[in-house]
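In listed order, ligands and their atoms are each counted from 1.
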Amino acid sequence: MFSEKDFISKPFSTTIENGSFQWSAPSNIALVKYWGKKENQIPANPSISFTLNHCKTITKLAFTKKQSDGNFSFDLLFEGKPKEDFKPKIQKFLERIEIYCPYLTAYNFTIDTENTFPHSSGIASSASGMAALSMNIMSLEKALNPNMTEDYFYQKASFLARLGSGSACRSVKGSVVVWGKHAEIEDSSDLFGVEFSSNIHTNFKNYQDTILLVDKGEKQVSSTVGHDLMHNHPFAEQRFAQAHQNLSIIKTVLETGNLDEFIKIVESEALTLHAMMMTSLPYFILMKPNTLEIINRIWSYRSKTKIPVCFTLDAGANVHVLYPENVREAVLQFIKDELVGFCQNGNYICDTIGTGAIKIL
Ligand code: DP6
């Protein structure tokens, strides 16, 4: 069992004057959702996600040694230009991880970041962004401590990413990732994401996720506020218990390839997530009329064609359309014929299951 203390780095004998690293980290889409958390970014229930492939953040971290005065020093560039409004979030993240990475105050950093998806697409970049930054920080730590094992490298990267944004810890390594202690998932932890280790049925190989961009606007309620509203939520305990059960079921589904059962769990999880929002106090709705139109179209297409296509939702109005690779052509045609009209400016993004963060430099 790991504890937080295992991630506090010891003083290093190596020093490095300057250098740079670059990593890409993908977004991920949860099948069983994380919604509700305890102190220090500990999830109220376990979650499981597919890692995406094309939607990612690419971040370069350049560093030069400075006098360690206990303060963080960094410049933040987004697509090559200074971006002041991203700085407070990064500052907060660095403060949160300082105890685990005390060496960070000994450097001046330039963080240069960009996304492969449009910034204003309504696709959250916090998961991929925090994961990409954490990978770079771990590359620096590994340079300072060359004996670090590969397992520790990825575990601590996920641990740090979690402190930036909970779901980011599932964007580090593996195609299917579990975060949060679950009785039937060996080595699962509240502290970091773990790769789902069972054999995944071929039905899920190259599973497709087409993200329909329904609403690109700023969300009225942030995920952080939403998580908070699970405290004293009338259905919280039942919801957390249900997430454990759904994870047990989806574990078997991923092993056996039972797509009907997959669809049931995934759609129920999406609607439950939004039901939690609608039944919190204050209550709120993030779905838009077009979100519902799309869901209804998917349901009637599925019942008419028997093609195993389903939807899931994040904390927003966009719809993730999930389906096996072997029905790709038919489903893309359906999306073009029937769903594109409900997307803002007809925009959607085709993605598939990926494998996690990649070192570029
Ligand atoms: C609905 O990870 O964005 O996407 O930890 O406050 O940064 P913070 O929240 P965040 O919440 C994601 C919630 C979700 C479900 C999920 O990805 O599991």
Next item on the list: Report yes or no: is the cationic atom of R96 (NZ for Lys, CZ for Arg) closer than 6.0 Å to the six-membered ring centre of F93, at no more than 45° off its axis?
Entry: no
Check: So which bit of I29 gets within less than 4.0 Å of ligand 1, heavy atoms only: side chain, backbone, both or neither?
Finding: neither
Next item on the list: Kindly say whether Q155 contributes a backbone atom to a donor-acceptor pair with the side chain of K173 at under 3.5 angstrom?
Entry: no
Check: So is R170 close enough to ligand 1, meaning a heavy atom under 4.0 angstrom away?
Finding: yes
Margin query: Main chain of P26, side chain of N53: is a donor-acceptor contact present, judged purely on distance under 3.5 Å?
Written below: no
Notebook entry, point to check: What protein heavy atom sits nearest atom 15 (C) of ligand 1, and how far away is it?
Noted result: Y34 O, 3.4 Å
Item checked: CA sep, side-chain torsions, deciding dist, call: L104, I97, side chain to side chain contact (heavy atoms under 4.5 Å, CB included) -> CA-CA 9 Å; L104 291 175; I97 66 170; 3.7 Å; yes
Notebook entry, point to check: Under 4.0 angstrom from ligand 1, any heavy atom of R162?
Noted result: no
Check: Any N/O of K37 closer than 3.5 Å to an N/O of ligand 1?
Finding: yes
Check: Of all the non-hydrogen atoms in the protein, which one sits nearest to atom 11 (O) of ligand 1, and at what distance?
Finding: H227 NE2, 3.0 Å
Checklist line | Sub-4.0 Å atoms of ligand 1 with respect to non-hydrogen atoms of Q41 | finding: 5 (O)
Note to self: My understanding is that only one of N115, I58, T57 makes a side chain to side chain contact (heavy atoms under 4.5 Å, CB included) with S24; could you say which?
What the structure shows: I58
Note to self: If the cut-off is 4.0 Å to any non-hydrogen atom of G166, which atoms of ligand 1 fall inside it?
What the structure shows: 2 (O), 5 (O), 7 (O), 8 (P)
Next item on the list: Just jot down the ligand 1 atoms closer than 4.0 angstrom to any heavy atom of A30, in number order.
Entry: 16 (C), 17 (O), 18 (O)
Next item on the list: In sequence, state the C-alpha distance, the side-chain angles, and the governing distance for F109 and F72, and then conclude on ring pair (Phe, Tyr, Trp, His ring centres under 6.0 Å).
Entry: CA-CA 9 Å; F109 293 104; F72 293 108; 8.3 Å; no
Notebook entry, point to check: At a 4.0 Å threshold, what atoms of ligand 1 neighbour a non-hydrogen atom of A315?
Noted result: 1 (C)
Notebook entry, point to check: Can you check ring pair (Phe, Tyr, Trp, His ring centres under 6.0 Å) on F192 and F159, steps first, answer last?
Noted result: CA-CA 5 Å; F192 48 83; F159 175 89; 7.5 Å; no
Check: Where's the contact between S165 and ligand 1, heavy-atom distance under 4.0 Å: side chain, backbone, both or neither?
Finding: both
Next item on the list: Would you mind checking which non-hydrogen protein atom is closest to atom 4 (O) of ligand 1, with the distance to 0.1 Å?
Entry: D314 OD1, 3.3 Å
Margin query: With nothing but distance in play, are any N or O atoms of T224 less than 3.5 Å from an N or O of ligand 1?
Written below: yes
Next item on the list: Verify the ring-centre separation between H227 and Y34: is it less than 6.0 angstrom?
Entry: yes
Next item on the list: Applying side chain to side chain contact (heavy atoms under 4.5 Å, CB included), run through Q242 and T272 and close with a yes or a no.
Entry: CA-CA 10 Å; Q242 178 201 40; T272 301; 3.4 Å; yes
Check: Under 3.5 Å, N or O to N or O, is A168 touching ligand 1 that way?
Finding: no
